[in-house]
Number of protein chains: 2
Amino acid sequence: MRRRRSTHETVRIQDVARHAGVSPMTVSRALRQPDKVSEAMRRRVEEAVSAIGYLPNRIAGSLSSSRSNVVALIVPSLRNSLFANTVQGISDVLHAAGHHLMIADSGYSLADEEAAIAAMLQQRVCALVLHNTRHTARATSLMKRAGVPVVEIGTLTPDAFDINISYSNHDAAKAMTLHLARLGYRRIGLVTLPLADNDRSIERRAGYLSALGELGLAPDPRLMLELPGGIGSGAEAVARLAQGDPRLDAIFFAGDVLAIGAVLECQRRGWPVPGRLAIASFDDVDILRYMRPAVTSVRIPRSEIGRRSAEILLERVGGRAAAPVTVDLGFEIVQREST
Amino acid sequence: MRRRRSTHETVRIQDVARHAGVSPMTVSRALRQPDKVSEAMRRRVEEAVSAIGYLPNRIAGSLSSSRSNVVALIVPSLRNSLFANTVQGISDVLHAAGHHLMIADSGYSLADEEAAIAAMLQQRVCALVLHNTRHTARATSLMKRAGVPVVEIGTLTPDAFDINISYSNHDAAKAMTLHLARLGYRRIGLVTLPLADNDRSIERRAGYLSALGELGLAPDPRLMLELPGGIGSGAEAVARLAQGDPRLDAIFFAGDVLAIGAVLECQRRGWPVPGRLAIASFDDVDILRYMRPAVTSVRIPRSEIGRRSAEILLERVGGRAAAPVTVDLGFEIVQREST
DNA sequence: CCGAGCTGTGGTAACGCTACCAGACCTTTC
DNA sequence: GAAAGGTCTGGTAGCGTTACCACAGCTCGG
């Protein structure tokens, strides 16, 4: 039977074979395992390939070999530039190994994450990288059944599904809170992103509370705020927290670019930072170092997380050991002028 | 012949068919064209699917139907958050249509872009989105032969390959330069990202020069700088340009976050902005609006570019008209305190 | 100088799905 | 009441590649 849906006639491996006067099998080998064919053959095939402009069909290859060279990455949002470093790290390593990256976002929703996981598994990706560590039951079951390696990178968790490469959001937030206390601040506010479906935010708040407990300070709801990301939110947080408790002496912004907005808001109000209010941030984005005052922050090895994830995945896909792995890449408190 | 490479036995459409007591063809139809089967059949198949946990294999589907639901996107860098909005825009629209996104970066190199294009075409993506408008000869030939729709989104160009959805970098840079002149500035510096392999930077400089010509101002090499992106570069630019020409009264930063660094550097030096030096930026990132002084900028419809690209691609993939298309989504000068 | 052990090549049968056609069954029409 | 048409289902033959085996030709040791 003949069927032709496209007007473009594709060049198949069969065509290369005919042109070179060999079998398709030999062409396939010459391209994928050059050391398995004679030198002369390799050259002959290469010439035929470029003569007729052959581009191997990886769809067919994947189907036949049951091996894919595509890794799926699912992040809460593509807009967030924090993930950008991780994405670049993953991409760099994958690219060097001849693999590719398929990206989807879950929009900070577990239901959407489940849908994305299902979609990616339908594409038969060879591995999954997830930013979340919480998943719906069906998502977990899907992944289990698919049997592909899964890396979770958003935070360290004791209940990792398979491979877990990250840092502890809990410990990082706790460390920063303790750091602020050590500097003498006592009324420390906390601003997080929305907690719903977001294990990182939840962990960070837990870390903050744990630090307060250790310090013998009572948590105060008036000092804790949950706001969507964005610079505007940072400004808003300053207003609301300061009004809620006039003795407020520091705010720890545990997410996104909130702290930037806060510093700018203080400038606008003429409040000296840290004289009137100390400000600390999470995720050491470039600009914090350049601001005036330069902003204290927790530095997360975003890029390294991406690179290591890809490396470990590639090992797994390559058929190496299949034991669960946890890698703690740590964090670092960067003390600057704002605290 | 039996072959089993994975230890995970996959569930095939055949299994669903057996379980539901129908033919594989009917299962296939029930899943993809529910209106082509009876209501009772649809339900029966759905039950079988969830009973045995069937996840369609899109690899096999694509091979069989010669149709892919994956779109490739190639950007210069994944790190740059400017692209993030575009990526999100594309992703949103594709997702709603059941398509997926494969992403690669060219590292600002035409050679790498060519390699990425080849790799994506091997994956038999159904369409290509490129940020560049310049390509190697082989890249162009590859795309021509592949016959898939291609959208270029980096800038408007008269030599678009196929579909071109963007804004004019030339006109935007020219407009901002004229705007600065209209405000009274006469010694206007220009800072761009490296010009090599970067058509956007080249266009922006051309636009700047064109504006100077129209104004009867002579271009001065001491006023033009080419720097890598980053906040640090912005600070460096202030130092170098001011030293090169003490009469410098404005700088147009035609790329990235350079302007932010410049404003912060002026704060550090105690230079009033715009009193001592006016500063204008390209790409209206959130923070510019919140800075003190708020920074004048060119606003580019990044997200809209992504959305429209995806929409037009989907139309094409769906089999609609195949005429080259150009869409100018324009830009906007946002005047603020810094100029 | 013959069989064992390489190396290099080719033939065949999948991989899991869908396009296409055929045909069973039911409704409509004159 | 039979032909014409519609709706629904199934069988067959690929899609373009690769895994597996077979085997030809050659080298080498006893």
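Every chain is numbered from 1, with letters handed out A, B, ... down the list of sequences. Heavy atoms only: backbone and side chains are in, while hydrogens, waters and symmetry mates are out.
- One atom, CD of A:Gln123, and another, C1' of C:dG16, lie 14 Å apart when rounded to the nearest Å.
- Residue A:Ser62 places none of its side-chain N or O atoms closer than 4.0 Å to OP1 or OP2 of D:dT17.
- As rounded to whole Å, 12 Å separates atom P of D:dG16 from atom CG of A:Leu63.
- With rounding to whole Å, B:Leu55 atom CG is found 19 Å from C:dC15 atom P.
- Here the nucleotide nearest the side chain of B:Met25, chosen from D:dA19, C:dG16, C:dC20, is C:dC20.
- Considering only residues two or more places apart in sequence or on other chains, A:Arg200 meets the salt bridge (Lys or Arg N to Asp or Glu O under 4.0 Å) condition with none of them.
- B:Glu152 places a side-chain N or O within 3.5 Å of a backbone atom of B:Phe161 that can act as its donor or acceptor partner.
- Annotation: proximity of residues 26-39 of chain B to DNA chain D (heavy atom, distance under 4.0 Å) is found for B:Thr26, B:Arg29, B:Val37, B:Ser38, numbered in ascending order.
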Look for any protein N or O under 3.5 Å of an N or O in nucleotides 24-28 of chain C and output each such pair with its distance, or none.
none

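- Using modelled atom types, one finds a donor on one side chain and an acceptor on the other under 3.5 Å when comparing A:Arg32 with A:Ser28.
- Between B:His131 and B:Phe83, the ring center distance clears the sub-6.0 Å criterion.
- The environment of CZ in A:Arg308 is sparse: at most 12 heavy-atom neighbours from other residues, nucleotides or ligands sit within 6.0 Å.
- In this entry the distance linking CG of A:Asn57 with P of D:dT18 reads 9 Å, nearest Å.
- A:Ile59 places its CD1 atom 14 Å from the P atom of C:dC17, with the value rounded to the nearest Å.
- Distance CZ (B:Arg67) to C1' (D:dG16): 17 Å, rounded to an integer number of Å.
- Between D:dC15 and B:Ser65, no contact under 4.0 Å exists linking OP1 or OP2 to a side-chain N or O.
- Remark: side-chain polar atoms of A:Asp15 are paired, donor with acceptor, to backbone N or O of A:Arg12 under 3.5 angstrom.
- Looking only at atom types and distance, the side chain of B:Asp199 has no donor-acceptor partner in the side chain of B:Thr155 under 3.5 Å away.
- At least one side-chain nitrogen or oxygen of B:Ser23 sits closer than 4.0 Å to the OP1 or OP2 atom of D:dG10.
- Between B:Ile13 atom CD1 and D:dG11 atom P there is a gap of 14 Å when expressed in whole angstrom units.
- Counting to the nearest Å, the P atom of C:dG16 and the CD1 atom of B:Ile52 are 13 Å from each other.
- We find that A:Arg42 and A:Glu39 are joined by a salt bridge, their nearest charged nitrogen and carboxylate oxygen being less than 4.0 Å apart.
- Few gaps surround NE2 on A:His99; more than 12 heavy atoms of other groups in view lie less than 6.0 Å from it.
- Summary of the strand contacts: B:Met41 and B:Arg124 both lie near DNA chain D, and taking for each the nucleotide with the nearest heavy atom, the more 5' one is attributed to B:Met41.
- Side-chain atoms of A:Ser64 and base atoms of D:dT17 include a donor and an acceptor less than 3.5 Å apart.
- For the pair A:Thr86 (side chain) and A:Arg302 (backbone), a donor-acceptor distance under 3.5 Å is present.
- Side-chain proximity of B:Val22 to the nucleotides D:dG10, C:dG16, D:dT17 is greatest for D:dG10.
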